[in-house]
Amino acid sequence: MDQLVLDLTPTPLPGFDNFLAKRNREIISALTDTAGERFIYLWGEPGCGKTHLLQAWIAHAERTGRASIYLDGKAEHLPDFAREASFIAVDHVDDLAPDDQITLFSIYNSLKESGEGRLLMAGRLPPMRLPVRDDLRTRLGWGLVFQVKALSDQDKLAALKQHAAERQLSIPDDVFRYLLTHWRRDLGSLLGVLDTLDRYSLALQRPITVPLVKTLLQTTRSEP
Amino acid sequence: MTELDQIWPACLARLEAELSSQQFNTWIKPLSAETGEESLVLLAPNRFILQFIKDRFLGRIEELVGELSGLTNVELRVGGNMRPVAPPSMVSNTPRPAPAAPSTPTVAEQAKQAAVKAIGSHESTRLNPGFTFDSLVTGKGNQLARAAALQIAENPGDPAYNPLFVYGGVGLGKTHLIQAIGNHVFQKNPQARVRYIHAERYVADIMRAYQHKAFDEFKRYYHSLDLLLIDDIQFFAGKNRTQEEFFYAFNALIEGGKQVIMTCDSYPKQIEGMEERLISRFSWGLTVEIQPPELEMRVAILMKKAEVDNIKLDNNVAFFIAQNVRSNVRELEGALKRVVAYARFTNQSISMELVKEALKDILAAGNRQVTVDAIQKTVAEYYKIKLSDMHSKKRSRDIARPRQVAMTLAKELTQLSLPNIGDAFGGRDHTTVLHACKTINEMRTSDPDIAHDYDALLSMLRN
């Protein structure tokens with residue numbers, strides 16, 4: 001019988017400080033600049049950290065007492081009341097349904113007209129190649145546009161270590177390196193497998209080692 | 001005299017063949033003709049069209065008239081009965097607000113008051129004070145529209161320009177232009193009831209007013225304006241209730257000599273899902289187009305923007321940005337913002353090197369190479385012909401035309417030389433390519449189908 005695992009994992013909130021920013025420092029500076037551009041669009045390949053940045057930005061806004069909202073274009077319809085917030089983050093802009101594109105367009109216009117509030121959006125493609133309605137596409141390119149650069153293997157290694165440390169896991173280095181060469185290489189998947197490993201090792205009551213990782217990857221091979 | 005009656009229709013037919021449909025519809029079609037003893041009298045619906053005809057087309061019209069009839073004199077006047085003075089539908093349908101209705105508020109629920117507030121708090125114009133004629137950069141693409149806008153700003157409500165219908169692609173400055181009119185009118189007369197609204201908001205406000213039974217207030221408010229600026233009217237498409245309501249508001253305002261100004265992403269007749277009676281009313285006054293800015297204008301826009309924001313920008317740097325960001329004014333401004341942010345972040349002044357570094361990702365994304373193969377494949381699929389027909393010797397129209405379209409796209413989207421393009425299309429001569437480009441580019445201005453196909457293919461290939 002499997003050991004049951006209590007869900008007690010401490011999950012830290014995404015923040016700017018746990019975003020590996022070496023190559024993306026300029027973005028953080030723009031996101032935290034209170035006098036800067038109010039409309040920012042981030043693009044980059046999946047797993048480069050866009051969602052993390054959006055959520056960190058929202059958490060930052062909440063800490064400073066602003067009404068803020070995070071919306072995921074892939075998961076839900078954009079609610080019209082979102083325009084009442086003063087910090088609005090819209091993730092996965094490429095996946096917005098036609099009606100939601102109009103809602104975002106309208107939110108953009110209200111914020112622009114009112115001269116207040118901020119809008120942070122993210123998608124996989126640069127504005128001019130986004131498959132959304134023209135009037136929205138050009139507006140995305142109107143503000144500040146940044147490409148979120150993918151992490152190098154060194155960066156990913158550091159991120160994995162930091163992630164493990166925050167969860168108080170002790171994992172030998174060769175496990176990280178093994179993951180980097182044998183698993184999907186985007187950070188989201190890598191961090192995900194680390195959490196799975198954590199639960200797996202607890203359930204089996206075995207420490208996290210390369211052989212354990214191998215067993216896990218074999219049993220979940222079909223998954224990714 | 002029957003022969004004389006035929007002069008203008010014959011002349012029209014010739015002009016229609018010579019000019020682009022755009023030019024013909026905007027300038028020539030609104031004219032009506034009367035034949036005098038020795039001359040043909042052309043009536044233009046307003047001074048603006050008259051002036052434009054005089055500058056651009058009168059010479060050619062005189063030639064044609066001479067050729068067709070022997071008449072030597074063509075006279076231009078303002079007049080004609082382009083506008084139905086009071087269409088019957090308007091008289092019977094226009095609901096008038098009760099003149100002496102007591103204005104004391106009834107015991108309305110809070111929701112209603114909120115809805116009324118959404119309408120009635122429009123004491124403010126909702127104009128952006130930064131959008132003025134001074135800050136509007138003028139170039140070939142918008143000089144006509146600007147000239148018309150200035151006239152209206154000086155004389156709002158002049159029937160010759162009422163309504164003003166401004167159309168053009170996204171991000172070209174339509175909103176700036178119409179708000180400049182609003183700001184000018186408001187500055188001259190702060191008592192004027194001016195209101196700018198985006199069509200999408202207008203639709204939402206109507207729905208809200210309905211839900212909260214605040215509809216009379218909504219109506220009263222919109223019918224009482226002196227100047228209504230409504231942006232992106234294409235958002236009314238398919239919204240029947242909104243269209244009906246707008247129809248009444250429009251009639252009330254125009255009848256009362258109040259100015260109505262609209263923008264749209266297309267020519268009135270091309271808006272899909274819009275009632276015929278509205279479309280025809282949109283063309284009552286003046287319809288002007290805004291076209292994408294050419295290089296000099298893009299440079300000027302950047303210099304102006306830099307000046308407003310107090311940024312030191314060298315001409316050659318502005319030139320570089322303008323050369324690389326061509327699509328529309330928004331992306332141009334976005335690129336400048338990126339440069340400025342990068343300069344601030346790295347604490348450097350704006351130099352050519354810095355600009356290249358800051359725009360690296362934007363430039364790389366925009367310069368994604370399109371290959372001739374991709375163009376041929378896309379075009380063949382689009383027209384449902386065989387890919388091999390791109391290289392074949394067949395010259396039937398249904399194959400040759402798509403092939404010409406593909407060659408023109410290859411010239412526009414790749415850096416290949418014309419002989420190279422010819423080679424890629426089954427070893428054709430470069431003059432064949434040249435001829436194809438010329439033909440297609442001419443057809444794009446005269447044949448809406450080709451224009452549409454070409455634009456659709458262009459955006460497919462760019463994405």
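All chains are named by letter (A, B, ...) in the order of the sequence lines, taking the proteins before the strands, and each is independently numbered beginning at 1. Computed from a predicted model, the values in this text were never measured in an experiment.
Of the atoms belonging to S29(A), it is side-chain heavy atoms, and not backbone ones, that fall under 4.5 Å from chain B. If you measure heavy-atom distances from D232(B) to chain A, the contacts under 4.5 Å come from the side chain alone. Only the side chain of E200(B) comes within contact range of chain A, with at least one heavy atom under 4.5 Å from a heavy atom of that chain. Using a 4.5 Å cut-off between heavy atoms, D134(A) contacts chain B through both its backbone and its side chain. Of the two parts of N128(B), neither the backbone nor the side chain holds a non-hydrogen atom closer than 4.5 Å to a non-hydrogen atom of chain A. Both the backbone and the side chain of Y342(B) come within contact range of chain A, judged by heavy atoms closer than 4.5 Å. For E37(A), the part lying near chain B is the side chain, with the backbone staying farther off; criterion is any non-hydrogen pair under 4.5 Å. For F105(A), the part sitting under 4.5 Å from any heavy atom of chain B is the side chain, from C-beta outward, and nothing else.
The shortest non-hydrogen separation linking R338(B) to L144(A) is CA-CD2, 3.5 Å. Heavy-atom minimum distance, G143(A) versus K337(B): CA-NZ, 3.9 Å.
For the pair H198(B)/K112(A), no side-chain contact is recorded, criterion being any heavy-atom separation below 4.5 Å from C-beta on. At least one side-chain heavy atom of W142(A) sits less than 4.5 Å from a side-chain heavy atom of E333(B).
For D173(A), the CG atom sits in a packed shell: over 12 heavy atoms of surrounding residues, nucleotides or ligands are nearer than 6.0 Å.
Atom OG1 in T175(B) sits 8.0 Å away from atom CG in N109(A) (nearest 0.5 Å).
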Q: Could you walk me through whether F345(B) and D33(A) pass the side-chain contact (heavy atoms from CB on, under 4.5 Å) test, one step at a time?
A: CA-CA 11 Å; F345(B) 178 70; D33(A) 177 2; over 6 Å; no
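Taking 4.0 Å as the cut-off between side-chain N and carboxylate O, E26(A) and R344(B) do not count as a salt-bridged pair.
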